[in-house]
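Since the structure comes first, as C-alpha cells, the remarks are kept for the end.
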Protein chains: 2
Amino acid sequence: MASAQTSSPAHPGPGLGLRERKKIQTRQAIRRAAYRLFEKQGYDATPVDQIAEAADVSPSTVFRYFPTKEDIVLTDEYDPVMEAAVRARPAEESPVEAIRHGVREALQHIIDTDIVELRQRTKLVREVPALRGRSAEGQAESAVMLCGVLAERTGRPEDDLEVRVVIAAVLGAMQEAMMHWVDRGQTEDLAGLIDRTLDVLGRGLTL
Amino acid sequence: MASAQTSSPAHPGPGLGLRERKKIQTRQAIRRAAYRLFEKQGYDATPVDQIAEAADVSPSTVFRYFPTKEDIVLTDEYDPVMEAAVRARPAEESPVEAIRHGVREALQHIIDTDIVELRQRTKLVREVPALRGRSAEGQAESAVMLCGVLAERTGRPEDDLEVRVVIAAVLGAMQEAMMHWVDRGQTEDLAGLIDRTLDVLGRGLTL
DNA sequence: ATGTCAAGTGACAGTAACTCTCAAAAGGTG
DNA sequence: CACCTTTTGAGAGTTACTGTCACTTGACAT
C-alpha cells in the first residue's frame, strides 16, 4: 500500500494533469472490465450496465467514453500509425509497395506492443456479427486515409476508382490474413500470413 | 374491374395459394412503405412503428418479415443467382475468370430486372453507416459461398487462405465499383466500371 | 357448406442500447 | 480559500428488438 500518487500537487509527473490521468484510468477500467466479462459470458450476454458496475462507474460514463458498446472493443489508434509508416516510405518505392511495407510495419509495431489485446479483439471480431459489421466500417475509414496517401503519391484524384480498388484489395487481404490467423488459434506467424496474402494480389490473383 | 380472383377455389392461378400471395403482398407493402419513408425523411429518422403504420400492418408483423430494420433494405436473393452463374461457367475456364464472368452475369441480370431497387438500395447503403456495416456482413456470406465454389474448382480446401484472398479481392473490387457508381450519380455504365476494377486486380494492383 | 387444423396477425409486456438534461462532485487556477 | 470548468451520476425518454398469447383467416377433408 505504498503511496503511488503522493501529495505534491505542483507538477503532475508525466506531463499530464490528474484529470487526464484519471480519464485514461477510467477508460482502461471500462475496457478491461468489458473484455473480462465478454470472455466469461460472451459479448451479447453482457449488458453495458453490467460493464459499468464491474468498472465501478455509471452507465452514463461508459457511453461517454465509448459511444457504442461495439466501440469498447473496436476503438483503436492504428490509423495514424499506419499513415505515418506509409508516408515514411521512400518516394522512389512504388506506391503499392509503399503501402505494403507501411502497413506491415504498423502491424508489426502493434504485434510487438499490443499482442494480447490484438488477440482478444480479433477473436471477438471474428465471432460476433455485430462487431464484424462495425469493424468493416472502421476499415472503410482506414481506406479513406490510405486512398489519400496513395492519391498524393500517384497524382491521381482521391476518389480515383483504381486507387480505391488497390486499397480495398490490400486491406481486404490483410483482414483475411487476420481471420485465418485466429481460425488457426493465432499460432502461425501473422506477418508471414500477410505476406502470403499480398503475394496473391501481386500475382494478379493467380492461384 | 373484371374479377381477377374469382370463386374457383380449386387451383390458385399462379400455383400459389392465397396465403402465399398475401405474404408476398405484405412483404412488398412493408418494403415499399419503408423505401418511401426513407426517401422522404431518412433512414434513421424513420421508426419501424411508422413503417408498420404506413404499410398498414402491426409492428410485430414487420419484425416477423424482416428480423431487423436493416433487413428491410438489405434482404436479397442475389447469392443463389451468383452461385448458379459461376457454377455454369465452363470447367476449362480459370477459376478467377469463372468468378469474374459469373459475378458479372449475375449483376447484369439484376441490372436488367431490378435496376430501380438496386439504385435505391445502393444509395442507402452508401449513405447510412448502419447499413454499410450490415451490408459488409452480407458480403461476407457471399464470400463464404464463393469460396466454396472456388475451392471445388481448384481442389483446395474451403478455408484456404489464398482462395479467401481471391474472393475478398473480387468482391471488394465490385463493391468499390458500385460505390463509385452511386458517387457519380449512377450515370456511368456499371458493368464497365466493374471491368475496370477487376482489371486492376488482374494486373497485380499496378496503377 | 362446414368443421377442424395450421399459419399469420396484432396487442402487450419486457429488455437493452442508446440520448438528453440537470444537478452534484472534483480538478485546476489565481 | 474561492471561483470556474470539466467530469460524473441519476433519471427520464426513445427505439430496436424479443417473446407470449389470444384471435383471425386461409387450407383442406368431409
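Please read all numbers here as calculations on a predicted model, not as lab measurements. Atoms considered below: every heavy atom in the structure, side chains included; atoms not considered: hydrogens, waters and symmetry mates. Lettering of chains follows the sequences in order, A, B, ..., and the numbering in each one begins at 1.
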5' priority, DNA chain C, between R19(A) and T61(B) [closest heavy atom]: T61(B)
Nearest heavy-atom neighbours spanning L205(B) and V166(A): O-CG2, 4.0 Å
Integer-rounded Å distance: dC12(C) P and D49(B) CG: 13 Å
Presence of K22(B) side-chain N/O under 4.0 Å of dG26(D) phosphate oxygens OP1/OP2: yes
Closest nucleotide among dT9(C), dA17(C), dA27(D) to the T26(B) side chain: dT9(C)
Rounded distance in Å - NZ (K69(A)) to P (dT19(C)): 15 Å
Phosphate OP1/OP2 of dT7(D) contacted by Y65(A) side-chain N/O (<4.0 Å): no
Distance-only side-chain donor-acceptor flag, E176(B) / T197(B), under 3.5 Å: no
Sugar-phosphate only, base, or nothing, as touched by P59(B) at under 4.0 Å among non-hydrogen atoms: nothing
Interatomic distance, E53(B) CD vs dA11(C) P [rounded to whole Å]: 11 Å
Closest contact, heavy atoms only, L74(A) versus L131(A): CD1-O, 3.9 Å
Atom-pair distance (CD1 on I51(A); P on dA17(C)), nearest Å: 8 Å
R156(A) versus L207(B), closest heavy-atom pair with distance: NH2-C, 3.7 Å
Interatomic distance, R64(B) CZ vs dG8(C) C1' [rounded to whole Å]: 7 Å
Rounded distance (Å) that lies between atom C1' of dA26(C) and atom CG of L18(A): 9 Å
Any N/O donor-acceptor pair, S58(B) side-chain to dA11(C) base, under 3.5 Å: no
Pairwise 5' ranking along DNA chain D for P47(B) and V57(A), keeping only the more 5' one: V57(A)
dG8(C) OP1/OP2 closer than 4.0 Å to side-chain N/O of K23(B): yes
Gap between atoms CG and P, on D56(B) and dT9(C) respectively (whole Å): 12 Å
side-chain contact (heavy atoms from CB on, under 4.5 Å) involving R87(B) - partner list, sequence neighbours excluded: E83(B), V149(B), E152(B)
Any N/O donor-acceptor pair, R21(A) side-chain to dG27(C) base, under 3.5 Å: no
Atom pair distance, as rounded to whole Å: CZ in F63(A) and P in dT8(D): 15 Å
